[in-house]
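Along the sequence shown, residues carry numbers from 1.
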Amino acid sequence: MKNLKIALDHGLTKEEYRRIVELLNREPNVVEIGIFAAMWSEHCSYKSSKIHLKRLPTRGERVVQGPGENAGVVDIGDGICVVFKMESHNHPSFIEPFQGAATGVGGILRDIFTMGARPIALLDSLRFGDPKLPITRYLLEGVVSGISWYGNCIGIPTVGGETYFEECYNGNPLVNVFALGITRKNEIFKGQAKGIGNPIVYVGSKTGRDGIHGAVMASETFTRETQEKRPAVQVGDPFTEKLLLEACLELFKTGIVVGIQDMGAAGLTSSSIEMAGRAGTGITLNIDRVPRRESGMTPYEVMLSESQERMLVVIQKGKEEVAERIFKKWGLDFAVIGEVTDSGRLRVVENGKTVADIPVDSITEKAPVYKRPAKQPSYLKKTRNLDLESIPIPDNLNSTFLSLLSSPNISNKRWIYEQYDYMVRTNTVVAPGSDAAIIRIKGTNKAIAITSNCNSRYCYLDSYTGAAIAVAESARNLACSGAIPLAFTDCLNFGNPEKPEIMWQFEQSIDGMSEAAVKLNTPVVSGNVSFYNETEGKAIYPTPTVAMVGLIEDIGKLTTQWFKKEGDLVVLLGNTKEELGGSEYLKLVHGLVMGLPPSLDLDTELRLIRTLLEAITSGIINSAHDISEGGLAIALAESCFTPNGPIGVEIDFLENTLREDVVLFGESQSRVLVSLDKKNLNSLERIALKYGIPLNVIGRVGGNRIFIKGLINTKVSEAYKAWIFGFEDILKKHA
């Protein structure tokens with residue numbers, strides 16, 4: 001096996017190389033080794049996760065397209081579909097934060113318009129390390145700049161997201177990007193290379209050497225040498241992507257497109273193999289016809305380049321001139337580089353010479369699949385040993401309240417979202433800041449609500465419950481906005497799957513997500529797995545991020561989290577339990593990441609969602625806000641901080657059998673704060689009784705203070721100042 005060392009250098013194992021030799025019945029050449037290494041990498045093949053992902057529910061009455069294509073598709077009625085997906089760009093964003101994040105946006109947008117949909121919204125979920133560290137500030141500024149630059153330039157609004165800080169992300173930030181588009185049900189396109197003899201067309205930007213080994217790099221853990229891998233990070237051009245978007249949408253209208261695929265991870269290699277694999281065909285590529293921006297590129301480099309803003313399209317034979325006119329009009333490269341064959345093989349030819357010849361199914365069907373060993377992490381023995389009686393209640397709860405409001409995970413993130421143009425295209429009805437962003441569907445009375453969630457600290461302490469909570473909180477956020485939860489996409493970020501404790505976290509997370517998804521009728525329609533998120537052997541917390549989409553049938557019946565008028569009653573839906581494990585309060589005030597996360601009853605969660613939707617549809621609720629990080633006290637404050645300025649609240653009834661810090665800062669699940677006119681209280685009580693949801697009138701909106709009887713009494717202006725400037729003050733202090 002003369003090429004074994006080359007294979008090992010590409011990240012293949014000795015056993016995997018033997019398997020390749022058996023499949024080819026010969027030793028692979030260097031080009032073929034590169035192709036196998038990329039396509040059998042964790043990033044492309046999902047070899048450690050595939051058997052577990054099958055446990056996720058992927059079907060539903062509204063699901064048009066589930067996992068397996070470029071993005072998921074869900075029917076929202078009247079012949080309209082939403083197309084959406086979430087992807088990670090973690091490793092590239094650590095190496096080169098600006099371009100890493102920017103090309104993450106570009107890639108996820110291509111996944112959407114490849115399906116025939118016009119993208120209308122972006123959302124990001126970001127994780128960084130300790131905000132006091134210079135490296136964190138550097139990564140944060142680069143990532144946010146990259147996201148805003150790409151999205152703003154191409155003209156797609158970034159309407160929501162989340163940003164969290166935790167020491168486990170010091171050497172490995174997470175950049176997860178979600179995109180959503182709109183199309184008609186009869187205008188969906190797929191990545192399939194059908195029709196023997198049909199031409200394979202290359203469109204978009206020219207191919208360069210950027211991004212080579214990107215897929216392999218994303219399947220490795222970080223070391224101190226990782227910073228040297230900048231050539232493996234792609235370089236984006238949003239202006240070219242805008243041209244490509246419009247050209248593709250125009251091409252779709254001609255009816256000549258047979259299949260289309262974004263050249264994402266592994267570039268020309270993955271797009272050609274995946275298209276042939278889905279169709280059960282073969283492809284011959286003449287790569288000397290590939291447009292290039294650098295001279296002297298080898299077949300290896302052309303096949304594995306991850307240069308951005310490129311598509312592979314299969315069109316009807318004889319229609320090449322129709323397609324070429326469109327792409328030339330938009331100033332884009334166009335080249336017929338091959339054809340669909342019945343060989344079942346990927347044959348790569350340069351100047352008449354075959355440089356690679358691989359059975360397609362050796363990659364799509366016969367790639368290695370691993371059932372890796374899993375065992376419960378040893379750290380859980382310590383973290384689950386939390387004795388609440390040993391945790392002192394702070395003497396000054398006012399001060400604790402203000403500290404939480406100004407903490408990096410809770411305080412306002414306007415420094416981030418104000419860099420995004422979240423109003424471009426004029427579809428944004430509810431901008432960043434509420435429980436969910438809301439986008440109108442022009443020409444209809446419908447709107448789409450989107451949100452993302454994951455409390456990785458919960459997942460670290462109990463991966464099953466933490467992942468289930470990510471699904472449940474997302475559905476709750478949508479219901480608080482008046483939206484029926486439809487389906488979600490996920491981005492599963494974990495450490496090295498070759499470590500049994502990491503694999504246990506992954507398996508538990510899958511099972512927790514699956515149970516919640518089934519119970520709440522929110523199937524998974526697309527997603528991404530990102531393993532090897534660890535540096536120098538230290539893994540991130542398990543972070544199974546959920547981005548969920550909901551439907552508002554009548555845009556006139558949506559709700560936001562902010563109190564609307566003085567005198568409204570404040571009502572707590574749900575029960576508070578004696579729980580502090582995994583809370584922001586426990587970490588910030590007591591320096592502990594311990595205990596179990598809040599318990600979750602999915603039957604209760606479903607009944608709460610139904611309560612909210614019926615009440616909002618009936619028009620009796622003025623505001624609704626999910627209680628999550630920071631507990632009831634923080635949710636009350638966030639409800640006071642309206643876009644029109646802060647308004648006070650007076651709470652005169654709370655559960656008095658629990659610890660004071662639990663009442664204020666506990667993060668019990670399935671709880672929502674609502675406000676409403678007194679005349680509507682009886683109607684809400686009837687609805688809550690119907691669904692068996694506890695209801696307590698706890699106070700009223702108004703005044704200039706946040707007053708929680710016997711516990712907190714502070715000026716609303718002081719609380720607002722702590723919240724609005726907290727994050728910015730941290731950045732300034734540690735600049």
With F727 via ring pair (Phe, Tyr, Trp, His ring centres under 6.0 Å) - residues at least two apart: F165

With sequence neighbours excluded, tell me which residues meet side chain to side chain contact (heavy atoms under 4.5 Å, CB included) with I724. N412, R414, Y720

Under the rule for ring pair (Phe, Tyr, Trp, His ring centres under 6.0 Å), what residues qualify as partners of Y422, not counting sequence neighbours? none

Residue list, side chain to side chain contact (heavy atoms under 4.5 Å, CB included) with T254, at least two apart or on another chain: L251, I256, V322, I326

Within a strict 4.5 Å, meaning less than it, do heavy atoms of the F178 and T545 side chains meet? no

Determine yes or no for a side-chain-to-main-chain donor-acceptor pair under 3.5 angstrom, with N477 supplying the side chain and A436 the backbone. no

Quick one: CG on N172 to CG on N493, what's the gap to the nearest 0.5 Å? 9.0 Å

Salt bridge (charged side-chain N to carboxylate O under 4.0 Å, His left out) partners of D568, counting only residues at least two apart: none

Strictly by salt bridge (charged side-chain N to carboxylate O under 4.0 Å, His left out), give each pair with a member in residues 472-487 just once, sequence neighbours left out. R476-E605, R476-D626

Any residue meeting ring pair (Phe, Tyr, Trp, His ring centres under 6.0 Å) with Y164, in chain and number order, not counting sequence neighbours: none

Are N528 and M86 side-chain neighbours, meaning at least one heavy-atom pair lies under 4.5 Å? no

Main-chain N/O of G116 paired to T183 side chain as donor or acceptor, under 3.5 Å: yes

In Å and rounded to the nearest 0.5 Å, what is the CG to CZ distance from L139 to F94? 6.5 Å

Using 0.5 Å steps for rounding, measure from the OG1 atom of T543 to the CG atom of D490. 12.5 Å

Expected output: side-chain H89 to main-chain V175 donor-acceptor under 3.5 Å: no

Could you give the distance from CD (E418) to CD1 (I416), rounded to the nearest 0.5 Å? 11.0 Å

Keeping S305 on the side-chain end and G208 on the backbone end, is there a donor-acceptor pair under 3.5 Å? yes

When you measure from the side chain of Q669 to the backbone N and O of E667, does any donor-acceptor pair fall under 3.5 Å? yes

Can you list every salt bridge (charged side-chain N to carboxylate O under 4.0 Å, His left out) pair that touches residues 59-71, not counting sequence neighbours? E69-R278

Ignoring hydrogens and geometry, is there a side-chain-to-backbone donor-acceptor pair from Q234 to G236 under 3.5 Å? no

Residues that R118 engages under side chain to side chain contact (heavy atoms under 4.5 Å, CB included), provided they are two or more places apart: K242, L245, E246, L249, R425

Quiz question: by atom type and distance under 3.5 Å, do the side chains of N70 and D262 form a donor-acceptor pair? no

Using ring pair (Phe, Tyr, Trp, His ring centres under 6.0 Å) as the criterion, list what pairs up with Y541, not counting sequence neighbours. Y460

So, does T158 use its side chain to make a donor-acceptor pair with the main chain of L122 at under 3.5 Å? no

Rounded distance [0.5 Å steps], CD1 in I450 versus CG in L180: 6.0 Å

Listing request: all salt bridge (charged side-chain N to carboxylate O under 4.0 Å, His left out) pairs with a residue in residues 540-555, at least two apart in sequence or in separate chains. K446-E553

Whether the side chain of Y420 engages the backbone of M423 through a donor-acceptor N/O pair (distance < 3.5 Å, no angle test) should be reported. no

Euclidean distance, L492 CG relative to S88 OG, rounded to 0.5 Å: 9.5 Å

Between R457 and E584, is the closest basic N to carboxylate O distance under 4.0 Å? yes

Would you call D210 and R293 a salt bridge, taking side-chain N to carboxylate O under 4.0 Å as the test? yes

Salt-bridge present (E241, R110; N to O < 4.0 Å): yes

Apply the test side-chain contact (heavy atoms from CB on, under 4.5 Å) to residues S509 and F494: give CA-CA distance (whole Å), side-chain angles for both, the deciding distance (0.1 Å), then the verdict. CA-CA 10 Å; S509 295; F494 289 80; 3.5 Å; yes

Above 12 or not: heavy atoms from other molecules or residues under 6.0 Å from NZ of K185? no

Please check if the side chain of S481 supplies one atom and the backbone of D435 the other of a donor-acceptor pair under 3.5 Å. no

Sequence-distant partners of S434, side chain to side chain contact (heavy atoms under 4.5 Å, CB included), two or more places apart: V430, T560, Q561, W562

